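All values derive from a computational prediction rather than experimental measurement.
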Amino acid sequence: MKIAIDAMGGDHAPGQIVKGALAAAREWPDTELILVGSPDAIKAHAEGALPANLTIHPAMDIIEADDEPVRAVRRKKDASMVVAGRLVKEGGADAMLSAGNTGALMTTGLLVVGRMEGIERPALAPVLPTLDNVGVLALDLGANMDAKPEHLVQYAVMGSIYREKVHGIQRPRVGLLNVGTEAGKGSELTKAAFDLLEQAPIHFVGNVEARDVMQRNCDVLVCDGFSGNILLKAMEGTAGAVMKELKDAFKSSLLTKLAAAIMMPGLKGLKNKMDYAQYGGAPLLGLNGLVVKCHGSSDAEAVKNAVRQARVALQSRLIPTVAAEIKGKEVSL
């Protein structure tokens, strides 16, 4: 397996990206990792000689966080993200991951890697934390701000295949994010999508409210990218605020500090349960190659976990399996 890593994308690039790649290379010596970016910048954070399974592929340009995605991808041919995408397209890598500009990565996926036959719009599909530690695969959480009912059906089918093939969940339950659980609730988009999802080749369990997501009342959560991204950011913000309040409360007196010491294992478990870094990254489902989007603020641990996730997806033959089943289910709409 060969995995290309955009070394220059993300809030903490290239330092944390390189550090995470080094940890992954040592953990999985059977996987070839390719750091794409400025050789000098990468070597400055490499802590000496690189492992035998970690190489550098030069790319001298960077797509910035505030760059307009389509223009940046088309004009910055030597940007690390674009070069990594080209490696996947041309067979130099089996997968790529990046913590850079989400819109630019989506554009790279569409213009460079290419869209899967039968899929109109790829979807960003991260795993949201749940109280039972299993997680909910949610899509789309930000790749496309607008969607048609037919797009949500394709998201549902791709998510079901991913959940079954990669996560081993048989007959995964698919829910539609909505403002109420009753049929007929919601916007024109969700009402139209509800009717189509009932006829789709999936296990559709109806509407799901945001407050119930962490109870895992479905295995795949379907929504448009605008609503999904708001849900994601709200969950991240709430988790961060709760952990900060707990930390402040336990530091308020000697007694609470002693209580914190006793509760430390449980608190660490809660933190890990809510921490995006534990999940690594989110695949862009619907492309001809495996493209994984890491959180913009990914640290070394998150990068390493994203490599783990890419390895599992490659071992499970996720992309060819989704392509074959999409074609077989005839869900091109």
- Task: Identify the two heavy atoms, one from Leu285 and one from Ala125, that lie closest to each other, and give their separation to 0.1 Å.
- Result: CD1-CB, 3.9 Å
- Task: Using modelled atom types only, decide if a donor and an acceptor are shared between the side chain of Lys2 and the backbone of Leu87 within a distance under 3.5 Å.
- Result: no
- Message: I'd like to know if the side chain of Asn144 and the backbone of Ala147 have a donor-acceptor N/O pair within less than 3.5 Å.
- Response: no
- Tell me whether Val322 is reachable from Leu284 by hopping between hydrophobic residues (I, L, V, M, F, W, Y) whose side-chain heavy atoms are closer than 4.5 Å. no
- Spacing of CE belonging to Met145 relative to OG belonging to Ser227, to within rounding of 0.5 Å: 9.5 Å
- Validation row: Thr321, Ile319 side chains within 4.5 angstrom (heavy atoms): no
- If you look at every heavy atom in Ala79 and Ile63, which pair is closest and at what distance? CB-CG1, 3.6 Å
- So, for Ser252 and Thr256, which heavy atoms are closest and what is the spacing to 0.1 Å? OG-OG1, 3.4 Å
- Does Gly281 offer a backbone N or O that forms a donor-acceptor pair with the side chain of Gln309 under 3.5 Å? yes
- Should Glu32 and Thr55 be marked as a side-chain contact (heavy atoms from CB on, under 4.5 Å) after you check the CA-CA gap, both sets of side-chain angles, and the distance that decides it? CA-CA 8 Å; Glu32 182 179 339; Thr55 58; 4.1 Å; yes
- Spell out, yes or no, whether Met60 and Ile42 are grouped together once hydrophobic residues are joined by side-chain heavy atoms under 4.5 Å, including indirect joins. no
- Message: Using a 3.5 Å distance criterion without hydrogens, assess whether the side chain of Asn229 forms a donor-acceptor pair with backbone atoms of Leu141.
- Response: yes
- Message: Please report the interatomic distance NZ(Lys19) to CG(Leu22), rounded to the nearest 0.5 Å.
- Response: 10.0 Å
- Leu196 versus Leu152: any side-chain heavy-atom pair under 4.5 Å? no
- Message: Would you say that Met235 contacts Leu232 through its side chain, given a criterion of any heavy-atom pair below 4.5 Å between the two side chains?
- Response: no
Acceptor/donor pairs from residues 187-195 side chains to any protein atom, 3.5 angstrom cut, sequence neighbours excluded:
unit_1, atom_1, unit_2, atom_2, d
Ser187, OG, Leu189, N, 3.4
Ser187, OG, Thr190, N, 3.3
Ser187, OG, Thr190, OG1, 3.4
Glu188, OE2, Lys191, NZ, 3.4
Thr190, OG1, Ser187, N, 2.9
Thr190, OG1, Ser187, O, 3.1

- Query: Is there a side-chain contact (heavy atoms from CB on, under 4.5 Å) between Ile56 and Lys43 once you walk through the steps?
  - Reply: CA-CA 9 Å; Ile56 298 173; Lys43 289 175 182 177; 3.9 Å; yes
- Item | Heavy-atom side-chain proximity of Trp28 to Lys304 below 4.5 angstrom | yes
- With a 4.5 Å heavy-atom cut-off, do Leu35 and Leu54 have their side chains touching? yes
- Short N-O contact, Lys148 and Glu150, less than 4.0 angstrom: no
- Message: Between Met106 and Lys293, is there a side-chain heavy-atom distance shorter than 4.5 Å?
- Response: no
- Which heavy-atom pair separates Pro122 from Arg115 by the least distance, and what is that distance? CD-CD, 4.3 Å
- Asn53 CG to Met1 CE distance, which is reported to the nearest 0.5 Å: 11.0 Å
- Message: Any side-chain to backbone donor/acceptor pair from Glu64 onto Asp67? Under 3.5 Å, distance only.
- Response: no
- Between the side chain of Gln154 and the main-chain N/O of Glu120, is any donor-acceptor distance below 3.5 Å? yes
- Check whether more than 12 heavy atoms from other residues, nucleotides or ligands sit under 6.0 Å from atom CG of Asp146, and answer yes or no. no
- Message: Applying a strict under-4.5 Å side-chain criterion to I, L, V, M, F, W and Y, I'd like to know whether Val88 and Ile5 cluster together.
- Response: no
- Message: Could you check whether Gln16 and His45, counting side-chain N and O atoms only, form a donor-acceptor pair closer than 3.5 Å?
- Response: no
- Using a 4.5 Å cut-off on heavy atoms from C-beta on, say whether the side chain of Met96 contacts that of Leu290. no
- Is any NZ, NE, NH1 or NH2 atom of the basic residue among Asp248 and Lys251 found under 4.0 Å from an Asp or Glu carboxylate oxygen of the other? no
- Would Ser38 and Asp40 count as having a side-chain donor-acceptor pair, cut-off 3.5 Å? no
- Under the side-chain contact (heavy atoms from CB on, under 4.5 Å) criterion, do Val205 and Val174 qualify, and how do the steps go? CA-CA 6 Å; Val205 295; Val174 179; 5.8 Å; no
- Item | Sidechain N-carboxylate O distance under 4.0 Å for Arg311, Asp94 | no
- For Val113 against Gly85, the heavy-atom pair lying closest together: CG2-O, 3.7 Å
- Message: Whether the side chain of His167 engages the backbone of Ile169 through a donor-acceptor N/O pair (distance < 3.5 Å, no angle test) should be reported.
- Response: no
- Message: Side chains of Asp6 and Ser80 only: does a donor on one sit below 3.5 Å from an acceptor on the other?
- Response: yes
- Message: Taking NZ in Lys76 as the centre, count heavy atoms belonging to other residues, nucleotides or ligands within less than 6.0 Å. Is the count above 12?
- Response: yes
- Query: Given Tyr155, which of Ile119, Leu124, Asp140, Val220 fulfils the side-chain contact (heavy atoms from CB on, under 4.5 Å) condition?
  - Reply: Asp140
- Decide side-chain contact (heavy atoms from CB on, under 4.5 Å) for Leu197 and Val153; before the verdict, give the C-alpha distance in whole Å, the side-chain angles of both, and the deciding distance to 0.1 Å. CA-CA 6 Å; Leu197 288 167; Val153 176; 4.2 Å; yes
- Query: Just how far is it from atom CG of Leu137 to atom CG of Asp219, taken to the nearest 0.5 Å?
  - Reply: 9.5 Å
- Item | Test item: Arg86 side-chain N/O and Lys77 main-chain N/O as donor-acceptor pair under 3.5 Å | yes
- Message: Between Val222 and Leu177, is there a side-chain heavy-atom distance shorter than 4.5 Å?
- Response: no
- Task: Could you tell me whether a side-chain N or O of Ser316 sits under 3.5 Å from a main-chain N or O of Val312, the two making a donor and an acceptor?
- Result: yes
- Taking all heavy atoms of Leu33 and all of Ala21, pick out the closest pair and write down the distance. CD1-O, 3.5 Å
- Query: Should Val112 and Val83 be regarded as members of a common hydrophobic cluster, given that ILVMFWY residues are connected when their side-chain heavy atoms come within less than 4.5 Å of each other, either directly or indirectly?
  - Reply: no
- Message: Hydrophobic clustering (ILVMFWY, side-chain heavy atoms < 4.5 Å, transitive) - are Val127 and Val157 grouped together?
- Response: yes
- Note on the structure: To the nearest 0.5 Å, atom CG of Leu139 lies from atom CE of Met158 at 6.0 Å
- Could you give the distance from OG (Ser98) to CE (Met81), rounded to the nearest 0.5 Å? 3.5 Å
- Could you tell me whether the side chain of Arg173 and the main chain of Arg216 form a donor-acceptor pair under 3.5 Å? yes
